[in-house]
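These notes concern the structure reproduced below.
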Protein chains: 2
Amino acid sequence: MNFSKTTDYAFRIMRLMSQDELKLFTVEEIYQQIRIPYRYLRKLMTHLTRSDFMESVQGKKGGFRLSRPSSQITLLDILKVVDPEYLTGRCFFGFENCALDTVCIMHDQWTGVRANVHAILANTSLADLHVSGDLNEHFKQPK
Amino acid sequence: MNFSKTTDYAFRIMRLMSQDELKLFTVEEIYQQIRIPYRYLRKLMTHLTRSDFMESVQGKKGGFRLSRPSSQITLLDILKVVDPEYLTGRCFFGFENCALDTVCIMHDQWTGVRANVHAILANTSLADLHVSGDLNEHFKQPK
DNA sequence: TGTATATAATACTTATAGGTATCATTTATG
DNA sequence: CATAAATGATACCTATAAGTATTATATACA
Ligand code: SF4
Ligand code: SF4
């Protein structure tokens with residue numbers, strides 16, 4: 001139901017960066033805004049770089065930036081990088097494979113829930129996240 | 001999205017036991033039907049006993065049985081025992097508390113998903129699981 | 001009343017996600 | 001070309017879920 005901590009972190013990071021689509025962010029700058037454990041944040045940033053929506057520049061004056069407009073980066077894109085197993089169509093009861101032709105009563109219901117979540121994540125871009133005012137103060141204090 | 005292994009185990013166990021509501025099952029019998037690691041199964045059985053839907057009888061000729069009809073045991077009842085945190089209304093981004101008055105665009109959508117899942121689990125009883133034929137063969141071979 | 005058969009309780013081990021520490025590499029710039 | 005400032009790679013540590021092992025307790029019944 002809920003996401004892993006790492007997934008939550010990734011969503012927060014990407015949302016922050018989407019506020020300035022072209023800016024090159026250093027890890028230090030991101031850390032100032034979102035208090036994710038510093039070294040873990042660094043590791044996660046390089047991990048996010050192994051995607052088609054984030055790129056890095058090495059060396060002095062380096063950093064990270066989005067590689068396409070935030071309106072073209074969905075939450076699903078992000079989830080696929082940090083937790084690709086999240087939406088895999090697993091059996092409600094956790095079985096690896098269903099041996100029966102007739103599906104049990106939970107099968108279609110759970111498939112429906114998964115499709116619902118999938119649609120929400122696929123239809124929400126980073127741009128959609130900051131249309132309703134500035135949430136920065138909120139995001140600075142994750143407690 | 002998906003459940004913990006332990007939750008899946010609990011669902012399988014409860015569904016099996018609901019097929020014979022009054023029967024006293026030994027761990028050995030359950031193990032024969034559902035190949036959950038034996039000692040872990042034993043631990044989980046006693047854990048399930050700390051609920052209002054499962055009771056145990058100690059000593060020789062002892063075992064476990066449901067303490068009320070399977071039609072009155074919902075998947076939500078089971079989930080509450082084995083993973084009470086699963087449905088807690090956490091923030092989409094994993095924040096502990098929301099500092100803002102205006103909610104972000106994900107707030108209502110995620111609340112909706114959670115309500116949907118809650119309704120499915122609360123409205124499905126163990127009796128509902130075995131109306132559409134016998135799934136025993138399937139459940140015996142979780143692979 | 002002793003023994004076999006069942007669950008209860010507790011402690012230990014292992015697998016994995018989350019987090020930390022260190023060193024290597026890249027590159028702007030004096 | 002040396003240095004500083006940034007990311008990259010790797011190894012290690014820690015907290016939690018999953019799984020194992022051992023001992024204690026309850027009870028039917030010969
Ligand atoms: S029919 Fe039911 S038990 Fe079988 S794979 Fe689908 S959800 Fe799982
Ligand atoms: S408004 Fe958005 S960020 Fe704030 S608690 Fe709700 S889901 Fe989380």
Side-chain angles (χ1 to χ4, degrees), chain A residues 1-13 17 23-32 34-51 54-67 79 81-86 88 90 93-94 96 142-143, chain B residues 1-13 17 23-32 34-51 54-67 79 81-86 88 90 93-94 96 142-143:
Chain A
M1 181 70 232
N2 294 316
F3 300 103
S4 68
K5 273 189 166 186
T6 301
T7 301
D8 287 338
Y9 291 164
F11 285 158
R12 297 183 205 173
I13 292 164
M17 293 180 71
K23 178 178 165 67
L24 200 61
F25 289 83
T26 66
V27 171
E28 182 62 31
E29 284 173 320
I30 297 172
Y31 177 71
Q32 292 307 324
I34 309 171
R35 308 300 280 200
I36 294 168
Y38 184 75
R39 290 165 194 276
Y40 194 62
L41 173 59
R42 287 206 28 190
K43 192 201 267 185
L44 182 51
M45 289 309 295
T46 70
H47 182 208
L48 285 170
T49 300
R50 318 205 177 294
S51 73
M54 171 91 82
E55 61 193 32
S56 68
V57 175
Q58 286 194 43
K60 199 169 178 176
K61 299 281 179 186
F64 298 87
R65 77 173 146 242
L66 306 187
S67 38
L79 186 65
V81 172
V82 292
D83 190 4
E85 293 296 298
Y86 187 80
T88 51
R90 275 176 47 195
F93 293 96
E96 290 297 325
K143 189 197 162 192
Chain B
M1 183 68 233
N2 294 316
F3 299 103
S4 68
K5 274 189 167 188
T6 301
T7 300
D8 286 340
Y9 291 165
F11 285 158
R12 297 183 205 173
I13 292 164
M17 292 181 69
K23 178 179 164 66
L24 201 59
F25 289 83
T26 66
V27 171
E28 182 61 32
E29 283 172 321
I30 297 172
Y31 178 71
Q32 292 308 322
I34 308 172
R35 307 301 281 199
I36 295 167
Y38 183 76
R39 290 165 193 277
Y40 194 63
L41 173 59
R42 290 209 24 189
K43 192 202 269 184
L44 182 51
M45 289 308 296
T46 71
H47 182 208
L48 286 170
T49 299
R50 318 205 176 296
S51 73
M54 171 90 81
E55 61 193 32
S56 69
V57 175
Q58 288 194 42
K60 199 171 178 178
K61 299 282 179 184
F64 299 87
R65 75 171 150 248
L66 306 187
S67 38
L79 187 65
V81 172
V82 293
D83 190 3
E85 295 296 298
Y86 187 80
T88 52
R90 275 175 46 195
F93 293 96
E96 288 297 324
K143 190 200 164 188

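Computed over heavy atoms, backbone and side chain alike; hydrogens, waters and symmetry mates excluded.
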Could you tell me the separation between the [atom1] atom of [X] and the [atom2] atom of [N], rounded to a whole number of Å?
X       : N      : atom1 : atom2 : result
A:Lys61 : C:dA28 : NZ    : P     : 11 Å
A:Lys60 : C:dG30 : NZ    : P     : 7 Å
A:Arg42 : C:dA24 : CZ    : P     : 14 Å
B:Tyr31 : C:dA6  : OH    : P     : 16 Å
B:Met45 : C:dA8  : CE    : P     : 9 Å
B:Tyr40 : C:dA15 : OH    : P     : 15 Å

Any side-chain N or O of A:Ser4 less than 4.0 Å from the OP1 or OP2 oxygen of C:dA17?
->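 For A:Ser4, the contact criterion (side-chain N or O under 4.0 Å from OP1 or OP2 of C:dA17) is not met.
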
Indicate yes or no: at least one non-hydrogen side-chain atom of [X] is less than 4.5 angstrom from one of [Y].
X       : Y       : result
A:Arg90 : B:Asp8  : yes
B:Leu79 : B:Phe3  : yes
A:Ile30 : A:Ile36 : no
B:Glu55 : B:Arg65 : yes
A:Asn2  : B:Glu85 : no

Which heavy atom in A:Ser4 sits nearest to a heavy atom in A:Thr7, and how many Å separate them?
->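 Closest pair (atom of A:Ser4, atom of A:Thr7, distance): OG-OG1, 2.9 Å.
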
For DNA chain C, whose closest nucleotide is more 5', that of B:His47 or that of A:Gln58?
->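 Looking at the nearest nucleotide for each, B:His47 comes out on the 5' side.
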
B:Val57 or B:Tyr9: which one's nearest nucleotide on DNA chain D is closer to the 5' end?
->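 Final value for this comparison: B:Tyr9.
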
Just the endpoints, please: which first and last nucleotides of DNA chain D, 5' to 3', lie under 4.0 Å from a heavy atom of chain B?
->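 So the contact region on DNA chain D extends D:dA18 to D:dC29.
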
Identify whether any heavy atom of A:Tyr38 sits under 4.0 Å from a base atom; if not, whether one sits that close to sugar-phosphate; answer base, sugar-phosphate or nothing.
->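 Nothing: the residue A:Tyr38, judged by heavy atoms under 4.0 Å, touches no strand.
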
